[in-house]
Protein chains: 2
Amino acid sequence: MEIKLTTYPSEPCCNLDISGEEQTQLIAMFKALGNPTRFEIMKFLVTHPTCITGDIVEYLPIAQATVSQHLKVLKQAGWIGGITEGPATKYCLQEDNIAWFREKVGYIF
Amino acid sequence: MEIKLTTYPSEPCCNLDISGEEQTQLIAMFKALGNPTRFEIMKFLVTHPTCITGDIVEYLPIAQATVSQHLKVLKQAGWIGGITEGPATKYCLQEDNIAWFREKVGYIF
DNA sequence: CCCCTTTATCGTAATTTTACGATAGCAGTA
DNA sequence: TACTGCTATCGTAAAATTACGATAAAGGGG
């Protein structure tokens, strides 16, 4: 027979069990994705792996300098990585960090 | 026998298959959590369900007005809900929205 | 009704973010 | 070496965010 508690403590819908460096890293990733332009860049990279900066500039309605700045934010947050390829830079999703994000979010929510 | 492709298209590590209103909502939730103070408020609410604003003000080293502002952001993003209880306001996690967030993130990553 | 408690909002200052044009740097090519 | 193409960085302006004190609003107690 199952005994059910009808009073507190009730089961919280998430634990948010994270702290320190990991929390800082996760917050940085949240912050980076909390911007429509950067989210679009991420989506573009899913369908256009290893594309170069110019491809993204061509795709988005914003200036090249702004795109470069957003790419820097995404890179520093760990979402993407850039590889210099001649005069261009090829960007791609940082799969290991994305996997880490997926696991952490899956655990704390 | 399994045939393995060694060239593109390779399997992307996430699909980010979202758009429109849902994407806007998700970005707003990312943005709201992309702030250390607001993240701490969320963590506090996990361990202190239905606490009032004053409890959070007491816990955090920032002014009451600032806390109230952060609570507003979290509420508008859908993370929390507030119930007026006499002169005070009881805040709690918005479980349904959090569940939605968990499912969406689980799907697109 | 007056006061006290609690919280949201207002006004404002400092900081950060976002965006752009201009420029510099770097790799490849003629 | 000069030139072209591509991208990062610089300088700067506009907008948004963050933080605070002061004030207003609203509920409950005397």
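Within every chain, numbering begins at 1; the chains are lettered A, B, ... in the order of the sequence lines, protein sequences first and strands thereafter. The model shown is predicted, which means the values in this text are computed figures rather than measured ones.
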Is Ser68(B) reaching over with its side chain to a backbone N or O of Gln64(B), donor-acceptor style, under 3.5 angstrom?
no

Could you check how far CD1 of Ile41(B) sits from P of dT18(D), rounded to whole Å?
11 Å

Rounded to whole Å, how long is the line connecting atom CD1 of Ile80(B) with atom C1' of dA8(C)?
13 Å

Answer yes or no: is there a side-chain heavy-atom contact under 4.5 Å between Tyr91(B) and Thr50(B)?
no

Integer-rounded Å distance: dA19(C) C1' and Arg38(A) CZ:
12 Å

Rounded to the Å, how far apart are Ile62(A) CD1 and dA14(D) P?
19 Å

How many angstroms lie between atom CG of Asn97(A) and atom CZ of Phe101(A), to the nearest 0.5 angstrom?
11.0 Å

Closest-nucleotide ordering on DNA chain C, the 5'-leading residue of Glu85(A) and Lys31(A):
Lys31(A)

Using a 4.0 Å heavy-atom cut-off, write out nucleotides 2-9 of chain D from 5' to 3' as B (base contacted by protein), S (sugar-phosphate only) or - (no contact).
---BBBBB

Spacing of Ile27(B) atom CD1 relative to dT17(C) atom C1', expressed in whole Å:
16 Å

Trp79(A) ring center within less than 6.0 Å of Phe109(B) ring center:
yes

Whole angstrom is fine here: how far is it from CD1 in Ile56(B) over to C1' in dA19(D)?
17 Å

I'd like to know if the side chain of Arg38(B) and the backbone of Ala32(B) have a donor-acceptor N/O pair within less than 3.5 Å.
yes

Side-chain touch Gln23(A)/Glu40(B), heavy atoms, less than 4.5 angstrom
yes

Respond yes when some side-chain nitrogen or oxygen of Asn35(A) is under 4.0 Å from OP1 or OP2 of dT17(C), and no when none is.
no

When Val73(A) and Thr84(A) are each assigned the nearest nucleotide of DNA chain C, the 5'-most assignment goes to Val73(A)

Would you tell me if any nitrogen or oxygen in the side chain of His70(A) comes within less than 4.0 Å of OP1 or OP2 on dT17(C)?
no

